[in-house]
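Inspection log for the structure reproduced underneath, given as structure tokens.
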Amino acid sequence: MALDKIGIAKRIAKEVKDGYYVNLGIGIPTLVANYVPESINVEFQSENGVLGMGPFPFEGEEDADIINAGKQTITTLPGASFFDSAMSFAMIRGQHVQLTILGAMEVAENGDIANWKIPGKMVKGMGGAMDLVASAENIIVAMMHTNRAGASKLLKRCSLPLTGVGCVKKIVTNLAVLEVTPDGFQLLERAPGVSVEEIQAATEGNLIVTGTIPEMEL
Amino acid sequence: MALDKIGIAKRIAKEVKDGYYVNLGIGIPTLVANYVPESINVEFQSENGVLGMGPFPFEGEEDADIINAGKQTITTLPGASFFDSAMSFAMIRGQHVQLTILGAMEVAENGDIANWKIPGKMVKGMGGAMDLVASAENIIVAMMHTNRAGASKLLKRCSLPLTGVGCVKKIVTNLAVLEVTPDGFQLLERAPGVSVEEIQAATEGNLIVTGTIPEMEL
Amino acid sequence: MIRKEVANVKDALAGVTNNMTLMLGGFGLSGIPENAIAELVQLNVTNLTCISNNAGVDDFGLGLLLQKKQIKKMVSSYVGENEEFERQMLSGELAVELIPQGTLAERCRAAQAGFPAIYTPAGYGTEVAEGKETREFNGKMYVLEYAFKADFAFVKAWKGDTAGNLIFKGTARNFNPCMCGAAKITVAEVEELVPAGTLNPNEIHIPGIFVQRIFQGAKYEKRIEQRTVRQKS
Amino acid sequence: MIRKEVANVKDALAGVTNNMTLMLGGFGLSGIPENAIAELVQLNVTNLTCISNNAGVDDFGLGLLLQKKQIKKMVSSYVGENEEFERQMLSGELAVELIPQGTLAERCRAAQAGFPAIYTPAGYGTEVAEGKETREFNGKMYVLEYAFKADFAFVKAWKGDTAGNLIFKGTARNFNPCMCGAAKITVAEVEELVPAGTLNPNEIHIPGIFVQRIFQGAKYEKRIEQRTVRQKS
């Protein structure tokens, strides 16, 4: 059965290692924070200027001056710090943030990513995504395998304006975990009960299947 | 009579205008702070990271963590702030400091200045001087008109390695006040009792004398 | 001490005219110069170019100026859920230069710190880099981006003193410090204006040298865009 | 929370070897990493390249390493009254790259912030710019200067917490913040190490992400170079 958003977040949480500083994009990536095991020490950075983000505040304790990049009210944990936008992107550009998790409209088999604009129809803006994908050493994309019309989001080439080139390392979708390799999307894991054939059918880009593909453990 | 160092400092103090942020170099420039009239609001910046420098501390109140660029113990005045070296030079390079006063070994008639090195003999280093002279809109040099050997320090061309090119606007020496113009050193004022001839004799670069040259008022 | 305080928002915005380029601090609705924006609406200046990470929401922040068509061009990183912003952009009524958030911050800092341009990897290979100079350093490609030139910068701080020193709070800091001193005139509005000497010199985020005018703001609404909470168990 | 504290200066300097490039904070003797310097003397590592605004005085700070000939090359802005430094430089025993102070700060910040290079006006037309690329922007000339590459950065702060967050005091701040995160490993020594959560997140000068190891320093001498005082009248 294909994963839901929470399932994707749970699987990505397993990619987070002890000692990582992590930047979480808006949407599914934000959910990842909820599933990182307590035994692991990580800190979440939000590019609007906070390190050491905690959970949402208790009702009545929201502070308009303490939000994340999704404009949600948040709290901070012991060891947190606030800083300005230039320093925030110094952390990102300077590769001090070890892992970036973000959503995408399209990913190409060479690691290109598009997630900020549909010409003539929709423009959200790139926000901090272009800085993140241009600099992060480790980028994981969290997204549905296909769009609402059922078309694949894992493509030979992106059709939408790019956010970054050749930067995505790993993709976790509702169907699979894939690694971007020089030859295309290497299938690493299947969602529970989802067959390789289903994944192949939903993948437009070159899918590489080597040996037996295990099911994800969540 | 030629001025002493205090006389030079007093004359330069008259160049400081209300609302100026001022950077003072080591030596004579440091003395200028003592002679700015109290009716004028200025703030002194020291490039090691302080704005709003005050007088030396009272004996017993020195703090190793509060010094100026000359490594002297200082105090701060109300409205002062501390900052790091990058921000300090952001102030300087960004032309937020209105006036720079510094010493020199040589000044050329085109505004070149040399004050950091005598090849093979002496190297003090440029410290912040190269940043200051490359950026400040208003640079005044405070120095003796001649060196210890009696040779002019106001030259056609500098013989020593440069600190900056075409940047000096005004020079106050023990003998005179001069402005750097496209044609050379325009004599503006004489030290009390010092003749134009004496100044001419001590000036190797082109000295421009137009009309009657008044004596300095101190 | 050089005094920077002015009596009110009117005095603070003296000199703002049509066709100017303005920088405005804030991320979403957090840390925006609410008083300056309200006064810009009052002044009814038009043909403005606004450099700001976002353009507020439909009925608050810079959205107020968008509704009155006072803005000719926005330089931002994010449109988000601002429908009027997206509508004017897609219809071509509004010129929009969308640039990466870190590039926006650093082009402000370059103006503040006297750098003419910077090399950043952000946007390389995308339409953001089209027509721009690119260059390789150590095997990686960078885009040359220029320092902003602006007439006024409007920033909002938590506390400030009469010498212009500023302290920001939480994530309301965001772009505000980077914009101080990045325009010809920087106007800071603060929630609490105190006499010089009150703030600890060690705790000041932005020294007064980067600020030309400061005033105590009034009636901060500080609207929350996404009120997310959890229940006490 | 990611813990950064190490037990002592020995653990903090684990991995330092001959031939490395080190950054060291401080201006004159103010804000220098006294404990790290003492340990470098103990370790007797040699052939070091040291990036530091000054090289201490003859018998303190980096002067201690100069005396023991542990330093192959200094990258500094100021020699000043350090006679051993000047002597080794003039005799050619020590390689010295003298660069403008603002360039030094910004080449550190470039390394910290992921910029490959910067354009600065400082040094244009002087021997500092010889052999370097120059370029005009808006009628003014600039010199291209590259980000530093260093193995270790040793900085000294006033207070720090176990998450690596730092607060500096007075002008002992100087180059220390710019060097944090500008080397492969940043080691911070502090006068007071407190548990994470003790420092106000709004008052932190350098977030812990830029620091890999932190320890409580011992026996700070904090020597004053120029003790200037006035008499009470």
Side-chain angles (χ1 to χ4, degrees), chain A residues 26 30 46-50 53 55-76 82-93 112 114 116-117 119-135 161-167, chain C residues 27-31 53-54 76-81 85-86 89-90 96 98-106 108-109 112 120-128 140-143 158 168-178 205-206 220-232:
Chain A
I26 299 171
T30 302
S46 198
E47 64 268 26
N48 58 316
V50 55
M53 262 193 295
F56 295 145
F58 289 120
E59 193 155 1
E61 296 179 3
E62 318 90 88
D63 185 339
D65 293 333
I66 302 182
I67 63 171
N68 66 16
K71 282 92 173 180
Q72 298 172 310
T73 46
I74 55 158
T75 60
T76 57
F82 297 114
F83 36 85
D84 67 41
S85 300
M87 184 175 272
S88 182
F89 284 91
M91 293 175 190
I92 291 166
R93 200 185 306 102
D112 289 358
W116 70 285
K117 186 179 183 180
K121 279 194 191 161
M122 186 280 286
V123 187
K124 289 162 70 76
M126 66 292 283
M130 282 195 181
D131 304 272
L132 283 158
V133 301
S135 297
L162 296 183
T163 306
V165 294
C167 53
Chain C
F27 181 94
L29 300 179
S30 190
N53 189 59
N54 313 76
S76 303
S77 88
Y78 202 67
V79 179
E81 283 67 43
F85 188 178
E86 192 169 0
M89 173 171 41
L90 291 173
V96 178
L98 284 172
I99 58 175
Q101 198 175 141
T103 301
L104 182 64
E106 206 62 29
C108 292
R109 197 225 169 216
Q112 173 191 68
T120 178
Y124 176 75
T126 76
E127 66 178 49
V128 162
K140 183 166 177 150
M141 295 302 297
Y142 295 82
V143 184
W158 179 41
F168 303 89
K169 186 187 145 214
T171 56
R173 194 184 310 188
N174 56 66
F175 287 87
N176 287 296
C178 316
H205 293 139
I206 283 290
Y220 281 102
E221 188 174 335
K222 302 219 279 185
R223 206 187 283 188
I224 292 176
E225 252 176 287
Q226 305 281 340
R227 188 178 301 273
T228 45
V229 297
R230 63 187 153 138
Q231 304 301 320
K232 279 185 177 144

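Order of the sequence lines fixes the chain letters, A, B, ..., with proteins taken first and strands second; residue numbering starts at 1 for each chain.
Nearest heavy atom pair, residue C:Pro121 against residue A:Ala134, reads O-CB, 3.4 Å. Closest heavy-atom contact between C:Leu98 and A:Trp116: CD1-CZ3, 3.8 Å. In terms of heavy atoms, A:Gly70 sits closest to C:Gln226 at O-CG, 3.5 Å.
In terms of heavy-atom pairs under 4.5 Å with chain C, the best-connected choice from A:Thr75, A:Ile67, A:Ile66 is A:Ile67. Contacts with chain A were tallied for C:Glu106, C:Arg173, C:His205; C:Arg173 has the most, counting heavy-atom pairs under 4.5 Å. Of the residues considered (C:Met141, C:Arg109, C:Arg223, C:Glu127), C:Glu127 shows the highest number of contacts with chain A, using heavy-atom pairs under 4.5 Å. Listed options A:Gly49, A:Gly166, A:Pro55 were ranked by heavy-atom pairs under 4.5 angstrom with chain C; first place goes to A:Pro55.
C:Thr126 contributes no side-chain N or O that, together with a main-chain N or O of A:Gly164, makes up a donor-acceptor pair within less than 3.5 Å. Checked by atom type and distance alone, the side chain of A:Asp131 pairs as donor or acceptor with a backbone atom of C:Gln101 at under 3.5 Å. With hydrogens and angles disregarded, no donor-acceptor distance shorter than 3.5 Å links the side chain of C:Lys232 to the backbone of A:Glu59. Between the side chain of C:Thr228 and the main chain of A:Thr73, a donor-acceptor pair closer than 3.5 Å is present.
At a 4.5 Å heavy-atom cutoff, C:Val96 makes no contact with chain A through either its backbone or its side chain. With a threshold of 4.5 angstrom between heavy atoms, C:Ile99 approaches chain A through N, CA, C or O but not through any side-chain atom. When heavy atoms are compared at a cutoff of 4.5 Å, A:Phe89 approaches chain C solely by way of its side chain, counted from C-beta outward. With a 4.5 Å cut-off on non-hydrogen atoms, A:Glu61 touches chain C through its side chain but not through its backbone. Only the side chain of A:Ile26 comes within contact range of chain C, with at least one heavy atom under 4.5 Å from a heavy atom of that chain. Heavy atoms of A:Met122 lying under 4.5 Å from chain C belong to its backbone as well as its side chain. Heavy-atom distances place no part of A:Ala90 under 4.5 Å from chain C, backbone and side chain included. Of the atoms belonging to A:Thr163, it is backbone heavy atoms, and not side-chain ones, that fall under 4.5 Å from chain C. Only the side chain of C:Leu90 comes within less than 4.5 Å of a heavy atom in chain A; its backbone stays farther off. In this structure, the portion of C:Asn54 lying under 4.5 Å from any heavy atom of chain A is its side chain and not its backbone. For a residue to count as touching a neighbouring chain, one of its non-hydrogen atoms must lie under 4.5 Å from one of that chain's; by this rule A:Lys117 touches chain C with the side chain only.
The line from OG1 of C:Thr171 to CD1 of A:Ile74 is 6.0 Å long, rounded to the nearest 0.5 Å. Rounded to the nearest 0.5 Å, atoms CZ (C:Arg230) and CZ (A:Phe58) are 3.5 Å apart. The line from OG of A:Ser88 to CZ of C:Phe27 is 9.0 Å long, rounded to the nearest 0.5 Å. To the nearest 0.5 Å, atom OH of residue C:Tyr124 and atom CG of residue A:Leu162 are 11.5 Å apart.
Counting only residues at least two apart or in different chains, side chain to side chain donor-acceptor pair (under 3.5 Å) contacts with residues 63-72 of chain A comprise A:Asp63-C:Lys169, A:Asp65-C:Lys169, A:Asp65-C:Lys222, A:Asn68-A:Gln72.
Looking at residues two or more places apart in sequence or on another chain, you find no side chain to side chain donor-acceptor pair (under 3.5 Å) involving C:Glu86.
Side-chain contact between C:Thr120 and A:Arg93: present, with at least one pair of heavy atoms (C-beta onward) separated by less than 4.5 Å. Side-chain contact between A:Lys124 and C:Tyr78 is present, with heavy atoms from C-beta onward closer than 4.5 Å. The shortest distance between side-chain heavy atoms of A:Asp84 and C:Phe168 does not fall below 4.5 Å.
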